[in-house]
Participant: 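Submitted below is the structure of interest, expressed as structure tokens.
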Amino acid sequence: VAIADEYNSWKKDSDQVFHTKAKQFVVLHPTSVFVSQPGILESQEDGGDIPEEGPLRSDQPKFASKHELLAFVDLLETNKPYLVNCVRTPALQTLLLFSQALDTNADCTRIIADGWLEICLPDPVTGEQLFSAAQ
């Protein structure tokens, strides 16, 4: 899987970069549908920030929902590394289903998938519900 670079929103469509566990700063192959129609990659989020219980204070963390990853079939390396045959997938479900290793803290508010992607959850109950539903 690949995750979009945090600065992609400030880049033009042809300069979008992604990161994989094995290789950083990879781009989409020029024949990809995401290159010819870059609007498809934009998040369909409708607000997204989920505050913790009660009113949101400036020192409280915000949790976003509906994160997506890019699943790909191959990483083609020519003069640039390219992601080939990509599809958008929901991040949390994809990571829980396909990760080789999931590490968590004692209260299940932090999950590390395959040693490189971190998932932060708002409270321990949410983490416990996720793991019990995934069994």
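Remember, predicted model here, so these are calculated numbers, not experimental data. Any value given below was found using the heavy atoms of this structure, including those in side chains, with hydrogens, waters and symmetry copies removed.
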Participant: Would you mind reporting whether Val87 and Phe72 have side-chain heavy atoms less than 4.5 Å apart?
Facilitator: no
Participant: Applying side-chain contact (heavy atoms from CB on, under 4.5 Å), name anything that partners Ala91, two or more places apart in sequence or on another chain.
Facilitator: His67, Leu69
Participant: Could you report the tightest heavy-atom contact between Ala2 and Leu83, atom names first, then the distance?
Facilitator: CB-CD1, 3.7 Å
Participant: Does Asp114 use its side chain to pair, donor to acceptor, with the backbone of Trp116 at less than 3.5 Å?
Facilitator: no
Participant: Is Phe18 close to Leu28 at the side-chain level, that is, under 4.5 Å between some pair of heavy atoms?
Facilitator: yes
Participant: Mind checking whether Val26 and Thr20 have side chains closer than 4.5 Å, heavy atoms only?
Facilitator: yes
Participant: What pairs of donor and acceptor atoms, side-chain ones from residues 93-108 against any protein atom, are under 3.5 angstrom apart with sequence neighbours left out?
Facilitator:
unit_1 : atom_1 : unit_2 : atom_2 : d
Thr94  : OG1    : Thr89  : OG1    : 3.1
Thr94  : OG1    : Pro90  : O      : 2.6
Ser99  : OG     : Leu95  : O      : 2.5
Thr104 : OG1    : Arg110 : O      : 3.0
Asn105 : OD1    : Cys108 : N      : 3.1
Asn105 : OD1    : Thr109 : N      : 3.0
Asn105 : OD1    : Arg110 : N      : 3.2
Asn105 : ND2    : Asp107 : OD1    : 3.0
Asn105 : ND2    : Thr109 : OG1    : 3.0
Asp107 : OD1    : Thr109 : N      : 3.4
Asp107 : OD1    : Thr109 : OG1    : 2.9

Participant: Is there a path of hydrophobic side-chain contacts, each under 4.5 Å between heavy atoms, that joins Leu117 and Ile119?
Facilitator: yes
Participant: Partners of Glu128 by side chain to side chain donor-acceptor pair (under 3.5 Å), sequence neighbours excluded?
Facilitator: none
Participant: Name all pairs fulfilling the salt bridge (charged side-chain N to carboxylate O under 4.0 Å, His left out) condition that reach into residues 72-86, sequence neighbours left out, sorted by first residue then second.
Facilitator: Lys23-Glu77
Participant: Mind listing the closest non-hydrogen atom pair of Phe25 and Val17 along with its distance?
Facilitator: CD2-CG2, 4.1 Å
Participant: So, using ring pair (Phe, Tyr, Trp, His ring centres under 6.0 Å) as the criterion, who are the partners of Tyr82 when residues are at least two apart?
Facilitator: His29
Participant: For Gln37, check side-chain contact (heavy atoms from CB on, under 4.5 Å) against everything at least two apart and list the hits.
Facilitator: Val33, Ile40
Participant: What residues form a salt bridge (charged side-chain N to carboxylate O under 4.0 Å, His left out) with Lys21, not counting sequence neighbours?
Facilitator: none
Participant: Indicate the atoms forming the closest heavy-atom contact of Asp5 with His19, along with that distance.
Facilitator: OD1-NE2, 2.6 Å
Participant: The test is side chain to side chain contact (heavy atoms under 4.5 Å, CB included); show your working for Leu70 and Ile3 and say whether it passes.
Facilitator: CA-CA 6 Å; Leu70 212 57; Ile3 189 165; over 6 Å; no
Participant: For a side chain to side chain contact (heavy atoms under 4.5 Å, CB included) check, start with the C-alpha distance between Leu130 and Leu121, then their side-chain angles and the critical distance, and finish with the verdict.
Facilitator: CA-CA 10 Å; Leu130 282 172; Leu121 302 169; 3.6 Å; yes
Participant: Do Arg88 and Phe34 touch side chain to side chain, with heavy atoms closer than 4.5 Å?
Facilitator: yes
